[in-house]
Asker: 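Below is a structure I'd like to ask you about.
Keep in mind that this is a model prediction, so the values were computed, not measured. In the text below, chain A, chain B and the rest are named by the order of the sequence lines, each starting its count at 1.
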Number of protein chains: 2
Amino acid sequence: MTLDSETKAVELPEHHGDELRLWLRLLTCTTLIEGEVRSRLRERFDVTLPRFDLMAQLDKVPEGMTLSDVSKRMMVSNGNVTGLVERLVESGHLDRRTSEVDRRVQVIRLTKAGRAEFRKMAAEHELWIADIFGDLTPKDVRELMRLLAKTKASAQKSARSRGG
Amino acid sequence: MTLDSETKAVELPEHHGDELRLWLRLLTCTTLIEGEVRSRLRERFDVTLPRFDLMAQLDKVPEGMTLSDVSKRMMVSNGNVTGLVERLVESGHLDRRTSEVDRRVQVIRLTKAGRAEFRKMAAEHELWIADIFGDLTPKDVRELMRLLAKTKASAQKSARSRGG
DNA sequence: GCCAATTGCTTGAAACTTAAAGAAATCTGG
DNA sequence: CCAGATTTCTTTAAGTTTCAAGCAATTGGC
């Protein structure tokens with residue numbers, strides 16, 4: 001009997017429903033929060049989420065970054081960044097210069113106005129996020145951070161093992 | 001001294017950096033996994049993620065759903081669904097009928113071919129997800145499920161309290 | 001120095017996405 | 001019954017996004 005059921009268990013395809021449900025829940029959470037942030041950004045500052053995200057990347061590095069850097073950090077395609085940057089330069093939020101060392105490279109930075117506007121938005125944004133996560137205890141937050149770090153590492157490992 | 005620093009702590013704006021970092025990590029995880037799934041779907045089945053997601057919704061309800069139902073479940077706009085459905089009907093994956101009870105309503109279902117194709121993709125998809133989350137223990141999975149449920153509830157509460 | 005490979009970015013096509021406005025059908029309270 | 005409100009879906013405009021192809025600049029091997 002015991003042998004039988006063990007044999008069976010090996011032959012049957014494994015159950016992966018839990019992981020799938022976890023993934024769907026993770027996705028739901030993110031979509032929900034992203035939608036909320038998106039609509040607040042639009043209502044309050046008439047800015048789109050991708051623009052805000054791009055400015056957030058640049059705010060962290062005053063001396064500027066290349067388009068490739070931005071692309072990697074935001075995990076979006078190169079062509080995507082090109083278009084976003086074009087519109088943000090147009091609207092005066094970004095400053096763009098060709099590198100003198102390597103003329104393929106474009107270095108972008110926040111303009112003074114762009115930085116001021118971003119800081120204003122970022123301050124409120126932080127409060128929104130705090131409110132959205134408001135029912136989590138500090139312990140919940142720590143625990144989630146830990147588990148998501150583990151998840152990220154696992155996903156990266158899986159992606160690497162497939163890619164090369 | 002103690003009094004002083006406590007007074008200061010109350011007067012200073014609260015620290016919400018932890019929640020912000022948590023949100024960024026959550027977003028990173030989701031983006032990472034989503035990108036991985038997206039590229040596997042494209043490579044393996046030449047299908048886009050939104051199409052797969054839409055078919056996944058329909059697979060759960062054989063008798064079909066209205067466009068509004070799909071829109072709510074996928075948390076995307078109505079117009080978005082209209083376009084997606086159009087292309088999937090065109091490619092023979094979906095069947096679309098006007099409700100006889102309410103002629104505003106469109107009921108969509110997977111066609112036989114659409115269902116067969118989805119099932120094939122879904123089986124592999126489940127393995128990918130299991131692999132991506134492969135380094136998490138069953139306990140990690142349970143704990144993440146719990147914390148994400150709490151997060152979702154918190155986010156929904158925050159969204160409701162703003163919206164109405 | 002030269003040629004091939006690589007890197008950084010842009011372009012183009014197709015698809016996806018949203019918000020807002022509009023059309024059609026239904027519902028509701030007189 | 002009927003006018004106004006609501007619901008369901010489509011349309012439109014603007015923007016985002018990806019992928020693939022391509023161009024320009026740089027690097028590395030010889």
Side-chain angles (χ1 to χ4, degrees), chain A residues 30-32 34-55 57 64-91 93-94 96-108 163, chain B residues 27 30-32 34-55 64-91 93-94 96-108 163:
Chain A
T30 301
T31 305
L32 191 60
E34 207 173 51
E36 186 61 18
V37 170
R38 183 195 308 281
S39 78
R40 293 198 201 200
L41 280 175
R42 170 173 290 270
E43 280 176 27
R44 187 76 182 75
F45 299 112
D46 193 34
V47 74
T48 64
L49 186 52
R51 279 170 210 226
F52 179 81
D53 286 343
L54 177 38
M55 288 197 272
Q57 292 301 326
M65 322 171 48
T66 70
L67 298 203
S68 291
D69 287 341
V70 174
S71 164
K72 272 169 210 140
R73 290 210 197 199
M74 292 181 72
M75 295 193 275
V76 299
S77 68
N78 270 347
N80 189 350
V81 172
T82 295
L84 269 174
V85 165
E86 207 159 287
R87 288 182 286 270
L88 280 167
V89 167
E90 172 69 25
S91 62
H93 294 87
L94 260 53
R96 164 205 236 152
R97 291 176 311 153
T98 300
S99 161
E100 290 165 10
V101 194
D102 183 339
R103 271 172 300 175
R104 290 168 306 178
V105 174
Q106 303 282 320
V107 177
I108 55 174
Chain B
L27 188 54
T30 301
T31 305
L32 190 61
E34 207 172 52
E36 186 61 19
V37 171
R38 183 194 308 282
S39 78
R40 292 198 201 199
L41 280 174
R42 170 174 292 270
E43 279 177 27
R44 187 75 181 78
F45 300 112
D46 194 33
V47 75
T48 64
L49 186 51
R51 279 159 145 102
F52 178 82
D53 286 344
L54 177 37
M55 289 197 271
M65 321 170 49
T66 69
L67 297 204
S68 290
D69 287 341
V70 174
S71 164
K72 273 168 209 139
R73 291 209 196 202
M74 293 181 72
M75 295 193 276
V76 299
S77 69
N78 271 347
N80 189 349
V81 173
T82 294
L84 269 174
V85 166
E86 207 159 288
R87 287 182 287 271
L88 280 166
V89 168
E90 172 71 23
S91 63
H93 293 88
L94 261 54
R96 164 205 236 155
R97 290 176 312 152
T98 300
S99 161
E100 290 165 10
V101 194
D102 183 339
R103 270 173 300 174
R104 291 168 304 181
V105 175
Q106 303 281 320
V107 177
I108 55 174

Asker: Between the side chains of Thr66(A) and Asp69(A), is a donor N or O closer than 3.5 angstrom to an acceptor N or O?
Answerer: yes
Asker: Please give, in whole Å, the distance from dT16(D) P to Glu86(A) CD?
Answerer: 11 Å
Asker: Rounded to the nearest angstrom, tell me the gap between atom NZ in Lys72(B) and atom P in dT18(C).
Answerer: 15 Å
Asker: When we call it a touch if two heavy atoms are under 4.0 Å apart, what does Ser68(B) touch: a base, just sugar-phosphate, or nothing?
Answerer: sugar-phosphate
Asker: With heavy atoms under 4.0 Å as the rule, sort Val107(A) into base, sugar-phosphate or nothing.
Answerer: nothing
Asker: Testing Thr82(A), Asn78(A), Asn80(A) for side-chain hydrogen bond (donor to acceptor under 3.5 Å, both in side chains) with Ser71(A), which one passes?
Answerer: Asn78(A)
Asker: When all nucleic acid strands are considered with a 4.0 Å heavy-atom cut-off, which category describes Ser71(B): base, sugar-phosphate, or nothing?
Answerer: nothing
Asker: Report the nucleotide, chosen from dG8(C), dC19(D), dG15(D), that has the shortest atom-to-atom distance to any side-chain atom of Thr48(A).
Answerer: dG15(D)
Asker: If you compare every side-chain N and O of Arg51(A) against the phosphate oxygens of dA14(D) (OP1, OP2), does one of them come in below 4.0 Å?
Answerer: no
Asker: Using a cut-off of 6.0 Å, state whether more than 12 heavy atoms not belonging to Glu100(B) lie near its atom CD.
Answerer: no
Asker: Does Arg87(A) make a side-chain N or O approach to OP1 or OP2 of dT16(D) shorter than 4.0 Å?
Answerer: yes
Asker: Base, sugar-phosphate, or nothing: which does Val101(B) touch, judged by heavy atoms less than 4.0 Å apart?
Answerer: sugar-phosphate
Asker: Let me know, please, whether Val81(A) or Ser39(A) comes out on the 5' side of the other along DNA chain C by nearest nucleotide.
Answerer: Val81(A)
Asker: When we call it a touch if two heavy atoms are under 4.0 Å apart, what does Thr82(B) touch: a base, just sugar-phosphate, or nothing?
Answerer: base
Asker: Would you indicate what Ser77(B) reaches in the nucleic acid, counting non-hydrogen atoms under 4.0 angstrom: base, sugar-phosphate, or nothing?
Answerer: base
Asker: Can a side chain N or O of Arg103(B) be found less than 4.0 Å away from OP1 or OP2 on dT26(C)?
Answerer: yes
Asker: Give a yes/no on whether any side-chain N or O of Asn80(A) is located under 4.0 angstrom from OP1 or OP2 of dT18(D).
Answerer: yes
Asker: Mind checking Leu84(A) for me? I need base, sugar-phosphate or nothing, with any heavy atom below 4.0 Å counting as a touch.
Answerer: sugar-phosphate
Asker: Taking atom P of dT18(D) as reference, at what distance in whole Å does atom CE of Met75(A) sit?
Answerer: 11 Å
Asker: Over how many whole Å does the gap from Arg96(A) atom CZ to dG8(C) atom P extend?
Answerer: 16 Å
Asker: Figure out the CG/P separation between Asn78(B) and dT12(D), and round it to whole Å.
Answerer: 16 Å
Asker: Quickly work out the Arg42(A) CZ to dA19(C) C1' distance and round it to whole Å.
Answerer: 6 Å
Asker: As an exercise, state the distance from CE of Met55(B) to CG of Leu84(B), rounded to the nearest 0.5 Å.
Answerer: 10.0 Å
Asker: Quick one: which of dT10(C), dT10(D), dT17(D) gets closest to the side chain of Pro50(A)?
Answerer: dT17(D)
Asker: Name the nucleic acid region contacted by Asp102(A), choosing base, sugar-phosphate or nothing; use a 4.0 angstrom heavy-atom cut-off, strictly under.
Answerer: sugar-phosphate
Asker: Give the minimum heavy-atom separation between Asp53(A) and Met74(A), together with the two atoms involved.
Answerer: CB-CE, 3.7 Å
Asker: Going by modelled atom types, is there a donor-acceptor pair between the base of dT26(C) and the side chain of Arg104(B) at under 3.5 Å?
Answerer: no
Asker: Where each residue is assigned the nucleotide of DNA chain C containing its nearest heavy atom, which of Met74(B) and Gln106(A) is assigned the position nearer the 5′ end?
Answerer: Gln106(A)
Asker: For Glu90(B), I'd like to know if atom CD has over 12 heavy atoms of other residues, nucleotides or ligands within 6.0 Å.
Answerer: no
Asker: As a test of reading the structure: which of dC16(C), dT16(D), dT18(C) is closest to the side chain of Val76(B), going by heavy atoms?
Answerer: dT18(C)
Asker: Rounded to whole Å, how long is the line connecting atom CG of Leu49(A) with atom P of dA19(C)?
Answerer: 11 Å
Asker: Grab the CE-P distance between Met65(A) and dC9(C) for me, whole Å please.
Answerer: 11 Å
